[in-house]
K.L.:
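Structure incoming, see below.
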Amino acid sequence: MNKKSIAFAFLTAGLLASGATSAGADDLHLAQGWYGPPRDARGGDRDRYRGNWAVGTFHGQNGANGNEETITIKPDGTAEVRTRGEAPKYGTFAGETLTLGSRISKVEPARGGIVIDGAYYRR
């Protein structure tokens, strides 16, 4: 027997000894390899990486132009920025990236709020 066959035999014997009669969800991760589970067709993995820290309404001062802004990030990843005297701008948030038209910003959690391109926004 080669090493793979021996390893498979031990794995199978271990599962049977533990009372497992079929591979369940907990056993599935053993067969997924280094790259984790496959992505589903709906992009479900994307939602795992959008933390609750980023969902909500935040108030702060734009670091580039000094304007006061209100930024809302919804659970579905849509985002809205409101600046006094201007029309609202709409975009998306995914991972750590906020995209509003041509404006692409890095977002990080900080002290109960968020930091966008180095500028703090409070809840």
K.L.:
What are the two closest non-hydrogen atoms of Gly63 and Ala119, and how far apart are they?
P.N.:
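So the minimum-distance heavy-atom pair works out to N-CB, 3.9 Å.
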K.L.:
Heavy-atom distance under 4.5 Å between the side chains of Thr97 and Ile104, does that happen here?
P.N.:
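Yes. Closest side-chain heavy atoms under 4.5 Å.
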K.L.:
Taking all atoms of both residues into account, what is the closest heavy-atom pair of Ala79 and Leu98, and its distance?
P.N.:
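Closest pair (atom of Ala79, atom of Leu98, distance): CB-CD1, 3.5 Å.
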K.L.:
How close do Ile73 and Phe93 get, heavy atom to heavy atom, and via which atoms?
P.N.:
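So the minimum-distance heavy-atom pair works out to CG2-CB, 3.9 Å.
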K.L.:
At what distance, to the nearest 0.5 angstrom, does CZ of Arg82 lie from CD1 of Ile71?
P.N.:
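Going from CZ on Arg82 over to CD1 on Ile71, the span is 12.5 Å.
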K.L.:
Could you tell me if the side chain of Arg111 sits less than 4.5 Å from the side chain of Tyr120, heavy atoms only?
P.N.:
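Touching, per the 4.5 Å side-chain cut-off.
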K.L.:
Nearest 0.5 Å, please: how far is OG1 in Thr72 from OH in Tyr90?
P.N.:
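Tyr90 OH to Thr72 OG1: 10.0 Å, rounded to 0.5 Å.
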K.L.:
Quick check for you: to the nearest 0.5 Å, what is the distance between Asn62 atom CG and Asn67 atom CG?
P.N.:
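So the gap between those two atoms works out to 6.5 Å.
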K.L.:
Would you confirm whether Arg123, through its side chain, and Gly112, through its main-chain N or O, come within 3.5 Å as a donor-acceptor pair?
P.N.:
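Checked: pair present.
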K.L.:
Do Phe58 and Val115 belong to the same hydrophobic cluster, where Ile, Leu, Val, Met, Phe, Trp and Tyr are linked whenever their side-chain heavy atoms lie under 4.5 Å apart, directly or via other members?
P.N.:
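Per the 4.5 Å side-chain linkage, Phe58 and Val115 are not co-clustered.
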K.L.:
Give me the atom names and distance for the closest heavy-atom approach of Trp53 to Glu108.
P.N.:
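In terms of heavy atoms, the two residues are closest at CZ3-C, 3.8 Å.
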K.L.:
With no hydrogens and no angle check, just 3.5 Å: does a side-chain donor-acceptor pair link Ser105 and Asp117?
P.N.:
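Checked: Ser105/Asp117 side chains pair up, N/O donor to acceptor below 3.5 Å.
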K.L.:
Listed by chain and number, what are the salt bridge (Lys or Arg N to Asp or Glu O under 4.0 Å) partners of Arg103, not counting sequence neighbours?
P.N.:
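Partners of Arg103 under the salt bridge (Lys or Arg N to Asp or Glu O under 4.0 Å) test: Glu69.
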K.L.:
Is it the case that more than 12 heavy atoms not belonging to Arg84 sit under 6.0 Å from its CZ atom?
P.N.:
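No, CZ of Arg84 has 12 or fewer neighbouring heavy atoms, counting only those of other groups under 6.0 Å.
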